[in-house]
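Every chain is numbered from 1 and lettered A, B, ... according to where its sequence line falls, protein lines coming before strand lines. Computed over heavy atoms, backbone and side chain alike; hydrogens, waters and symmetry mates excluded.
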Protein chains: 2
Amino acid sequence: MVNTESDPRFQRSQQAILSAARELLLEKGPVAVTHAQVAERAGVGRATVYRHWPRADELLAEAMATVPMPLLANPTIPTRQWLTRELTTLARQLELDDVRAVATTLASTALWDQQMDARRAQFATILADRLAGALATAQVRGEVSLAMPGRDAAALLVGPIYYRCTIEHGPADSTLIETSIAAIGTWTAR
Amino acid sequence: MVNTESDPRFQRSQQAILSAARELLLEKGPVAVTHAQVAERAGVGRATVYRHWPRADELLAEAMATVPMPLLANPTIPTRQWLTRELTTLARQLELDDVRAVATTLASTALWDQQMDARRAQFATILADRLAGALATAQVRGEVSLAMPGRDAAALLVGPIYYRCTIEHGPADSTLIETSIAAIGTWTAR
DNA sequence: TATGTTATGAGTCAAGATGTCTCGTAGAAT
DNA sequence: ATTCTACGAGACATCTTGACTCATAACATA
């Protein structure tokens with residue numbers, strides 16, 4: 001055998017461990033992601049978990065990375081419909097337990113863990129960049145006249161949804177989304 | 001001695017323990033709030049911490065409660081100025097490390113801890129109630145014509161600030177605040 | 001000041017968690 | 001069939017956790 005990682009046994013264990021870690025994060029929170037608990041749930045030996053991830057926090061980080069976070073798809077025309085669609089998707093995603101778990105865990109651990117902070121920054125940048133980019137293009141096309149910098153628009157669009165889902169713990173309905181879209185500037189009638 | 005809790009030694013230990021727990025939460029996160037670490041930092045015996053708080057999570061909860069969270073003061077007239085003032089205060093507060101630490105810790109632990117979830121709900125309810133109440137009054141007075149239910153207005157006002165501070169990790173400036181205030185409805189010129 | 005009270009710190013102890021290592025075995029490549 | 005290697009099981013020392021004891025010093029009361 002040439003490469004260790006191509007071994008099916010290695011792959012199986014790795015996946016089982018990642019799944020177990022993700023389940024534990026979802027059910028009991030990040031503190032529950034320990035070598036012992038992950039091993040038991042994954043049905044593998046404790047030593048195997050240590051072999052794959054010597055440190056528990058890196059296993060947690062990798063398990064979190066397996067949860068698909070809601071980023072935004074490429075902008076389409078008309079931009080306002082694209083916004084409605086993407087923000088609605090984002091809201092539905094944030095209402096899922098695992099996505100919300102990853103998001104809130106990321107936000108809190110980022111304050112004390114450098115690796116997590118980098119991931120938080122990356123996530124925030126992607127969202128802001130894509131929104132700002134789409135809005136800038138829309139403005140050039142005359143679809144909208146923004147009342148603020150593109151950066152603020154991102155916070156104004158995503159913030160209410162994020163707050164509603166993570167703090168108020170309620171559904172982000174279409175009223176909320178449409179209002180925030182209308183708030184960022186003047187949309188030209190079509 | 002009649003009452004145990006009136007003993008100055010008891011008071012001193014209790015305060016030292018609470019302060020130490022709060023410092024640890026701020027510097028190293030909620031996982032660092034253990035009996036042993038708190039005892040060492042507080043300069044008290046490990047047994048003393050157990051005597052005051054048999055469970056570490058309750059100590060953490062109580063330490064978090066000592067951090068003054070930004071609620072909203074009683075509404076004043078004109079409502080729009082009150083909103084600007086209160087939301088700016090809230091933004092300044094959320095930019096403080098300890099407040100942000102408590103807020104994000106609350107949001108994440110609430111997903112797996114019932115006690116924390118109750119506190120999150122209480123916090124969200126207070127904010128939403130006060131905002132909705134103030135806005136309803138303002139609408140009766142003819143100050144504003146709301147474009148949405150009062151509940152949505154709360155998320156629309158607080159959400160962007162919360163998102164900016166906790167996810168984007170940047171300052172919530174006046175542009176962001178003013179835009180969100182303008183977004184919730186039509187304000188009558190004065 | 002004298003005296004009884006009590007919270008405390010230091011220490012002990014058992015139980016459990018954690019990290020490391022070895023070894024026989026079974027699964028995989030050739 | 002043979003070699004290689006990831007694996008599970010378990011042993012092991014170390015650290016952590018939670019509960020307990022006891023002498024002491026800080027406290028209230030007189």
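The separation between A/D7 atom CG and C/dA29 atom P is 6 Å, rounded to whole Å. One can place CD of A/Q11 at 12 Å from P of C/dA28, the figure rounded to the nearest angstrom. We find that CH2 of A/W53 is positioned 18 Å from P of C/dT18, with the value rounded to whole Å. Between the CD atom of A/E40 and the C1' atom of C/dT18 there is a distance of 16 Å, rounded to whole Å.
Summarising the hydrophobic clusters (Ile, Leu, Val, Met, Phe, Trp, Tyr; side-chain heavy atoms under 4.5 Å, direct or chained), the residues clustered with B/Y50 are none.
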Considering only distance and modelled atom types, tabulate donor-acceptor pairs under 3.5 Å from the side chains of residues 57-65 of chain A, sequence neighbours left out.
{"from": "A/D57", "atom 1": "OD1", "to": "A/R55", "atom 2": "NE", "distance (Å)": "3.2"}
{"from": "A/D57", "atom 1": "OD2", "to": "A/R55", "atom 2": "NH2", "distance (Å)": "2.7"}
{"from": "A/E62", "atom 1": "OE1", "to": "A/W53", "atom 2": "NE1", "distance (Å)": "3.2"}

Show which side-chain atoms of residues 11-19 of chain A pair as donor or acceptor with protein atoms under 3.5 Å away, not counting sequence neighbours.
{"from": "A/Q11", "atom 1": "NE2", "to": "A/E5", "atom 2": "O", "distance (Å)": "2.5"}
{"from": "A/S13", "atom 1": "OG", "to": "A/R9", "atom 2": "O", "distance (Å)": "3.1"}
{"from": "A/S19", "atom 1": "OG", "to": "A/Q15", "atom 2": "O", "distance (Å)": "3.0"}

Ignoring hydrogens and angles, write down the donor-acceptor pairs under 3.5 Å from the side chains of residues 21-33 of chain B, residues two or more places apart or on other chains.
{"from": "B/R22", "atom 1": "NH1", "to": "B/T66", "atom 2": "OG1", "distance (Å)": "2.8"}
{"from": "B/E23", "atom 1": "OE1", "to": "B/R41", "atom 2": "NH1", "distance (Å)": "3.1"}
{"from": "B/E27", "atom 1": "OE1", "to": "B/R41", "atom 2": "NH1", "distance (Å)": "3.2"}
{"from": "B/E27", "atom 1": "OE1", "to": "B/R41", "atom 2": "NH2", "distance (Å)": "3.1"}
{"from": "B/E27", "atom 1": "OE2", "to": "B/R41", "atom 2": "NH1", "distance (Å)": "3.1"}

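The side chain of A/T34 sits closest to C/dT18 out of D/dA28, C/dT18, C/dA29. Nearest nucleotide to the B/F10 side chain, out of C/dT18, D/dC27, C/dT8: C/dT8.
A donor-acceptor contact under 3.5 Å is not formed by the side chain of A/R9 with the base of C/dA28.
When the ring pair (Phe, Tyr, Trp, His ring centres under 6.0 Å) test is applied to A/F10, the partners found at least two apart in sequence or on another chain are A/H52. Residues satisfying the salt bridge (Lys or Arg N to Asp or Glu O under 4.0 Å) test with B/R120, not counting sequence neighbours, are B/D117.
Applying the ring pair (Phe, Tyr, Trp, His ring centres under 6.0 Å) rule to pairs touching residues 96-122 of chain A yields nothing, sequence neighbours excluded. Within the structure, side-chain hydrogen bond (donor to acceptor under 3.5 Å, both in side chains) contacts touching residues 126-137 of chain A (residues at least two apart or in different chains) are A/D129-A/R151. Sorted by first then second residue, the salt bridge (charged side-chain N to carboxylate O under 4.0 Å, His left out) pairs that include residues 74-90 of chain B, not counting sequence neighbours, are B/R80-B/E178.
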Please list, pair by pair, any protein nitrogen or oxygen found under 3.5 Å from a nitrogen or oxygen in nucleotides 18-22 of chain D.
{"from": "D/dG18", "atom 1": "OP2", "to": "B/Y50", "atom 2": "OH", "distance (Å)": "3.2"}
{"from": "D/dG18", "atom 1": "N7", "to": "B/R46", "atom 2": "NH1", "distance (Å)": "3.1"}
{"from": "D/dG18", "atom 1": "O6", "to": "B/R46", "atom 2": "NH2", "distance (Å)": "3.0"}

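Contacts between residues 12-33 of chain B and DNA chain D, counted as heavy-atom distances below 4.0 Å, involve B/R12.
When the side-chain nitrogen and oxygen atoms of A/H52 are compared with OP1 and OP2 of D/dC7, one or more of them lie within a distance under 4.0 Å.
For the helix from C/dT1-D/dA30 to C/dT30-D/dA1, the rotation axes defined at the first and last 5 base pairs enclose an angle of 40°, given to the nearest 10°.
Between A/V67 and A/T105 there is no side-chain heavy-atom pair separated by less than 4.5 Å.
Listed for the A/E143 side chain is a donor-acceptor partner under 3.5 Å among the backbone atoms of A/T79.
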